[in-house]
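Please read the structure below before turning to the comments.
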Amino acid sequence: QVQLVESGGGLVQAGGSLSLSCAASGRTFSSRAMAWFRQAPGKEREFVASIVAGSGSTTDYADFGKGRFTISRDNAKNTVYLQMNNLKPEDTAVYYCAATRYEGSPGVYRYWGQGTQVTVPS
């Protein structure tokens, strides 16, 4: 069982930056691919970014995040990050962290955090 706890959300003005963190429990963090998703009010949950297990040498981003968002991981701290720059009102959503099964590849996520709210006023 893996528990994920997000932090770092808040209110930021358009054009500003925010860094989200997701702390994972257990000793198998480095062997799990990780991802961030988001869900805006009245919309489906959507993919934001993913990072492979291990060194995190491969990342993937939704088109809206390319050039603005950066996902990274620190296996020593059991933490995955999402750096968000040049935020826009349409980035307002609850952001969720997700983890795959042990030695899983990005795409199928078994564990989810409770989410952290990001608000960018228009």
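Nothing fancy with the numbering, it's 1 onward along the sequence.
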Handout entry: Donor-acceptor pair, side chain of Asn75 and main chain of Gly54, under 3.5 angstrom
Key = yes

Practice task
Please check if the side chain of Thr119 supplies one atom and the backbone of Leu11 the other of a donor-acceptor pair under 3.5 Å.
Solution key: no

Problem - Student check: side-chain heavy atoms of Pro121 and Gln13 closer than 4.5 Å - result: yes

Problem - Pairwise distance CE(Met34) to OG(Ser50) - rounded to 0.5 angstrom - result: 11.0 Å

Problem - Atom of Pro89, atom of Ala14 and distance for their closest heavy-atom approach - result: CD-CB, 4.3 Å

Handout entry: Test item: Val120 and Val118 side chains (from C-beta on) under 4.5 Å apart, heavy atoms
Key = yes

Handout entry: Check against salt bridge (charged side-chain N to carboxylate O under 4.0 Å, His left out), Lys88 and Asp91
Key = CA-CA 5 Å; Lys88 305 174 181 180; Asp91 294 319; over 6 Å; no

Fill in the blank from the handout: Rounded to the nearest 0.5 Å, the CZ atom of Phe69 sits from the OG1 atom of Thr59 at a distance of 14.0 Å

Handout entry: Atom pair CE/OG of Met84 and Ser19 - distance to nearest 0.5 Å
Key = 8.0 Å

Practice task
Find out whether Trp112 and Leu4 are in side-chain contact, i.e. whether some heavy atom of one side chain is under 4.5 Å from a heavy atom of the other.
Solution key: no

Handout entry: Partners meeting ring-ring contact (aromatic ring centres under 6.0 Å, His included) with Tyr109 (sequence neighbours left out)
Key = Phe37

Practice task
Output every pair passing side-chain hydrogen bond (donor to acceptor under 3.5 Å, both in side chains) with a member in residues 93-102, not counting sequence neighbours, ordered by first then second residue.
Solution key: Arg38-Tyr95

Practice task
May I ask you to test the Tyr61-Thr70 pair for a side-chain heavy-atom distance under 4.5 Å?
Solution key: yes

Problem - Candidates Ile71, Leu82, Val80 - the one meeting side chain to side chain contact (heavy atoms under 4.5 Å, CB included) with Leu20 - result: Leu82

Exercise for the section: Quick one: closest heavy-atom pair of Ala53 and Ser31, and the distance? Expected result: CB-C, 3.6 Å

Problem - Joint cluster assignment, Tyr111 & Phe47, ILVMFWY side-chain distance < 4.5 Å - result: no

Practice task
Carefully, step by step, assess Ser17 and Asn85 under the rule side-chain hydrogen bond (donor to acceptor under 3.5 Å, both in side chains).
Solution key: CA-CA 4 Å; Ser17 299; Asn85 299 324; 2.9 Å; yes

Problem - Validation row: Trp36, Cys22 side chains within 4.5 angstrom (heavy atoms) - result: yes

Handout entry: Side-chain heavy-atom pair Glu6, Gln114 within 4.5 angstrom cut-off
Key = yes

Practice task
Nearest 0.5 Å please: distance from the CD atom of Gln117 over to the CD atom of Gln39.
Solution key: 11.0 Å

Handout entry: Gap between atom CD of Gln1 and atom CD of Gln3 - 0.5 Å precision
Key = 6.5 Å

Exercise for the section: For the pair Thr116 (side chain) and Ser7 (backbone), establish whether a donor and an acceptor sit closer than 3.5 Å, ignoring hydrogens and angles. Expected result: no

Handout entry: Flag, side chain of Thr79 to backbone of Lys77, donor-acceptor distance under 3.5 Å
Key = yes

Handout entry: Main-chain N/O of Ala99 paired to Arg32 side chain as donor or acceptor, under 3.5 Å
Key = no

Problem - ILVMFWY cluster, Val48 and Tyr81 together (side-chain gap under 4.5 Å) - result: no

Practice task
State whether the side chain of Arg73 and the backbone N or O of Val52 hold a donor-acceptor pair below 3.5 Å, judged by distance alone.
Solution key: yes

